[in-house]
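I have placed the structure first, in the form of structure tokens, so that the comments after it can refer back to it.
Lettering of chains follows the sequences in order, A, B, ..., and the numbering in each one begins at 1.
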Amino acid sequence: MFSRLDIEEQLNCLNGVQKDAVCTTEGPLLILAGAGSGKTRVLTYRIAYLINMGECLPDEILAITFTNKAAEEMKNRLRELLHIPDKLWISTFHAAGARILRSAINNLGYERNFNIIDTQDQLNLIKECLREQNLDFDIYHPRKVLSIISKAKNELEDEVSYEKNARDFFACKVSDVFILYQKKLKESNCLDFDDLLLLTVKLFQEKPELLNYYQNQFRYILVDEYQDTNMAQYVLVKMLAEKYRNLCVVGDDDQSIYQFRGADIRNILEFEKDYPEAKTVKLEENYRSQRNILEAAFHVVKNNSGRKEKRLWTRKSDGEKVYYFCGRDEREEARFVVDEIKSNQDKFENFAVLYRTNAQSRVLEEILVRENIPYSLYGGIRFYERMEIKDILAYLKLVDNLNDNISLKRIINVPRRGIGKKTMEKLENYALSEGITLFKALQESEKAGISAGIRKKIDEFYHCINNFYNMGEFLSVQELVEKIIEDTGYLDALEAEGTFEARSRMENIKEFVSAAQEFDVSGEGKSLTYFLTEVSLVSSMEVIGETEEDKRVFCMTLHAAKGLEFSVVFIIGLEETLFPHSFSLENPEDLDEERRLFYVGCTRAMNRLYLTHARERSFYGRRTSNLSSRFLEEIPEELIGFASGDKDKEWGKREGAEPLLKKEDTERFLENESWSVGDNVYHKKWGNGIIKKTGVSGEDQVLTVQFPEVGTKVIMATYAPLKKV
DNA sequence: CACTGATATATTTTT
DNA sequence: TATATCAGTG
């Protein structure tokens with residue numbers, strides 16, 4: 001424990017406003033924290049202050065972050081400030097909801113060992129419901145229906161109240177799907193992400209004594225990224241904070257970038273209306289970026305309507321201008337980026353390349369590989385979303401929760417057991433008519449009218465799962481996983497496949513086993529249920545590619561970059577229809593969100609910012625040429641410098657998007673695509689190989705490549721996912 | 001029931 | 001481009 005003097009000393013590293021934000025512990029407090037204004041620092045110090053001043057005990061604080069990563073980071077920082085870290089409730093809304101529901105969801109007719117399904121499973125379930133309702137996918141687009149349902153849930157509308165409000169024909173049909181979807185979830189004892197919030201609120205509504213319990217426990221509540229909360233989260237906070245009203249929310253309306261997901265910016269704009277006694281603190285001093293960068297970002301975001309008036313300032317100098325580059329196509333753009341990184345004598349880890357869509361990373365990656373630059377790619381397919389991992393998880397989920405029809409259906413024929421569509425139909429019908437779970441129905445497959453041969457297979461599967469279930473108690477998660485991949489023949493099946501892909505799957509499974517082991521060691525006898533919860537909620541942005549410790553260039557979407565900072569930032573693909581994205585062009589509100597996204601991107605940069613675009617790029621197979629992004633035009637000309645060194649070119653006229661590079665410059669970036677016999681190459685599907693022969697067919701270069709794993713293949717160099725090693 | 005190849009189709013961001 | 005779905009065959 002610190003003495004009062006220690007605390008004051010600790011607070012000396014904060015500025016006056018920050019100190020104010022930390023020390024105003026009682027009553028509602030709104031902290032408007034601009035980008036780079038030391039927000040995280042304020043939050044962690046506030047928590048440390050509360051505890052060290054003896055205002056409350058660690059478990060009386062609830063701190064909500066937007067991502068698991070942010071929660072982790074906050075915990076780590078607090079570990080340095082406090083000696084008693086682990087009792088704090090620091091988590092995302094969803095994790096907090098899951099934790100509460102784990103102890104009390106039986107009040108809502110679910111069991112405590114519920115499973116959490118991810119977006120993919122959600123979509124499959126929606127499709128299943130649509131099929132059962134005989135609804136045409138072309139009219140009732142599954143993704144669309146899912147997003148309607150998800151949106152409803154985030155606005156605390158469950159299937160019952162949605163049905164009441166459904167007015168037109170379409171909504172009525174959606175309502176039917178909603179009801180069926182929810183029924184299936186409940187039968188399987190599964191929750192989706194939205195349920196974690198919706199059901200927590202419901203629980204509190206139906207069991208006031210429970211709400212009361214938590215209200216008493218959480219004397220101090222902090223919510224980070226408040227601008228990105230949705231209605232369900234807003235209500236949840238409001239309920240919990242009602243008793244003590246010691247609610248501190250931190251946010252920046254200019255950085256609200258999740259409205260597409262139901263975040264409601266009004267939550268922050270109207271905080272003062274909800275809590276009239278609230279105090280507001282503005283953190284406007286930016287400690288991160290040089291002035292030019294800040295100015296450029298400001299001049300873009302100021303065009304948004306309905307923002308809270310504010311302007312960041314910095315003590316730093318103007319710094320360099322914002323660099324601009326226009327490439328001929330996306331490869332030239334990528335080559336420019338890589339070239340700049342190489343010619344700067346800076347460390348790789350100081351660079352970040354940000355883009356609007358994950359698809360843009362491919363070209364970039366290609367060039368980075370070719371130029372031998374270590375990099376990390378964030379996003380894309382996440383570890384726990386890989387097919388093989390989801391399969392193993394489905395086994396675990398089923399073992400942990402035998403009601404889970406969703407998981408059962410996923411793995412009953414994985415690896416192949418000869419239990420196909422027809423058989424499943426019979427089983428499902430039987431289960432439905434008897435009102436039992438699918439797992440139960442397996443036991444009675446004879447009554448379901450299934451022939452003896454297949455029945456044998458079903459029995460085998462049943463006993464296999466049953467065996468896991470019975471042993472589950474005595475085994476660690478790692479042991480259970482190992483037993484599953486052995487006994488089900490999952491590994492054998494992969495082995496038998498013998499392809500490069502199968503081998504990489506086995507690698508991933510190995511990695512999963514060690515993740516399970518890690519859990520067993522650190523989790524101190526925590527249950528399988530706990531493991532599954534953790535895995536379901538952790539996004540764990542995966543790091544793909546060369547992982548030379550931390551010395552690598554970071555590539556990620558603009559969304560993923562929120563909360564991070566880098567010395568040098570590239571924002572690429574600044575073109576109309578890409579950024580701003582085409583889906584946002586019709587609606588001014590969506591356009592504002594794109595603009596905020598741009599703002600977030602710019603303010604990640606400390607010392608240097610590059611903005612690039614390409615005049616032509618292939619979109620989804622098709623070549624398209626785009627106008628340069630309107631965001632570029634919104635930046636005052638005097639803040640812009642030309643990366644190509646050509647200062648005479650006119651800036652920002654979209655009509656006149658003539659080459660901004662001189663021809664010689666352009667040629668510098670032109671690709672020297674040469675393949676020769678003997679080159680070692682890497683193919684996405686077939687792995688490493690060696691070029692045996694080169695030739696030309698029409699306009700395309702044809703390569704004959706020998707792959708040790710799969711034999712010799714003839715490949716079109718222009719199209720194949722091929723890289724030099 | 002499993003596999004193949006052809007065709008269509010949509011293509012953002014994440015807990 | 002990458003994936004999903006479908007029809008046809010083994």
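Nucleic acid contact for A:Phe93: none, since no nucleic acid atom lies under 4.0 Å from a heavy atom of the residue.
Stem list for DNA chain B (at least 3 consecutive Watson-Crick or G-U pairs, distances under 3.5 Å): B:1-10 with C:1-10.
For A:Phe566, the ring pair (Phe, Tyr, Trp, His ring centres under 6.0 Å) criterion is met by A:Phe554, not counting sequence neighbours. For A:Thr92, the side chain to side chain contact (heavy atoms under 4.5 Å, CB included) test picks out A:Thr65, A:Asn68, A:His94, A:Ala95, with sequence neighbours left out. The salt bridge (Lys or Arg N to Asp or Glu O under 4.0 Å) search around A:Glu225 returns A:Lys39, A:Lys562, not counting sequence neighbours. Every residue two or more places apart in sequence or in another chain was checked for a ring pair (Phe, Tyr, Trp, His ring centres under 6.0 Å) with A:Phe461, and none qualifies. Remark: A:Met387 pairs with A:Asp391, A:Arg410, A:Arg505 by the side chain to side chain contact (heavy atoms under 4.5 Å, CB included) rule, at least two apart or across chains. For A:Tyr430, there are no ring pair (Phe, Tyr, Trp, His ring centres under 6.0 Å) partners two or more places apart in sequence or in a different chain. Residues passing the side-chain hydrogen bond (donor to acceptor under 3.5 Å, both in side chains) test with A:Asp264, sequence neighbours excluded: A:Arg266. Judged as a side-chain hydrogen bond (donor to acceptor under 3.5 Å, both in side chains), and not counting sequence neighbours, A:Arg131 has no contacts.
When only modelled atom types and interatomic distance are considered, A:Asn113 and A:Thr529 share no side-chain donor-acceptor pair under 3.5 Å.
In this entry the distance linking NZ of A:Lys422 with P of B:dC1 reads 7 Å, nearest Å. In this structure, A:Glu385 places its CD atom 13 Å from P of C:dT3, rounding to the nearest Å. Between the C1' atom of B:dC1 and the CG atom of A:Asn413 lies a distance of 9 Å, rounded to the nearest Å. To the nearest angstrom, C1' of B:dT13 lies 13 Å from CG of A:Leu578. Residue A:Ile458 contributes atom CD1, which lies 13 Å from atom C1' of B:dC1 at whole-angstrom precision. Between A:Ile450 atom CD1 and B:dC1 atom C1' there is a gap of 14 Å when expressed in whole angstrom units. In this structure, the CD atom of A:Glu425 is 9 Å from the P atom of B:dC1, given to the nearest Å. Distance CD (A:Gln120) to P (B:dT15): 14 Å, rounded to an integer number of Å.
Nucleotides B:dT13 and C:dA4 place their C1' atoms 22 Å apart, quoted to the nearest Å. Remark: the separation of the C1' atoms in C:dT5 and B:dT12 is 24 Å, to the nearest Å.
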Tabulate protein N/O versus nucleotide N/O from nucleotides 5-10 of chain C, keeping only pairs under 3.5 Å, one per line.
| residue | atom | partner | partner atom | Å |
| --- | --- | --- | --- | --- |
| C:dT5 | OP1 | A:Lys127 | NZ | 3.0 |

Every protein N/O within reach of nucleotides 6-12 of chain B N/O, cut-off under 3.5 Å:
| residue | atom | partner | partner atom | Å |
| --- | --- | --- | --- | --- |
| B:dT12 | O2 | A:Arg356 | NH1 | 3.1 |
| B:dT12 | O2 | A:Arg356 | NH2 | 2.3 |

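Near DNA chain B, defined here as any heavy-atom distance below 4.0 Å, there are no residues from residues 225-240 of chain A.
Cation-pi geometry between A:Arg622 and A:Phe619 is not met: the NZ or CZ atom fails to fall both under 6.0 Å from the ring centre and inside 45° of the normal.
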Could you walk me through whether A:Lys69 and A:Glu72 pass the salt bridge (charged side-chain N to carboxylate O under 4.0 Å, His left out) test, one step at a time? CA-CA 5 Å; A:Lys69 207 171 101 197; A:Glu72 266 327 295; over 6 Å; no
Begin with the C-alpha distance, continue with both residues' side-chain angles, and end with the deciding distance and a verdict on salt bridge (charged side-chain N to carboxylate O under 4.0 Å, His left out) for A:Asp592 and A:Arg595. CA-CA 5 Å; A:Asp592 283 0; A:Arg595 200 174 268 116; 3.4 Å; yes
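Taking the six-membered ring where the residue is Trp, the centroids of A:Tyr234 and A:Tyr226 are separated by 6.0 Å or more.
Proximity note for A:Thr423 (side chain, C-beta onward) versus C:dA2, B:dT14, B:dC1: the nearest is B:dC1.
Between atom CG of residue A:Asp228 and atom CD of residue A:Gln233 there is a gap of 9.0 Å, rounded to the nearest 0.5 Å.
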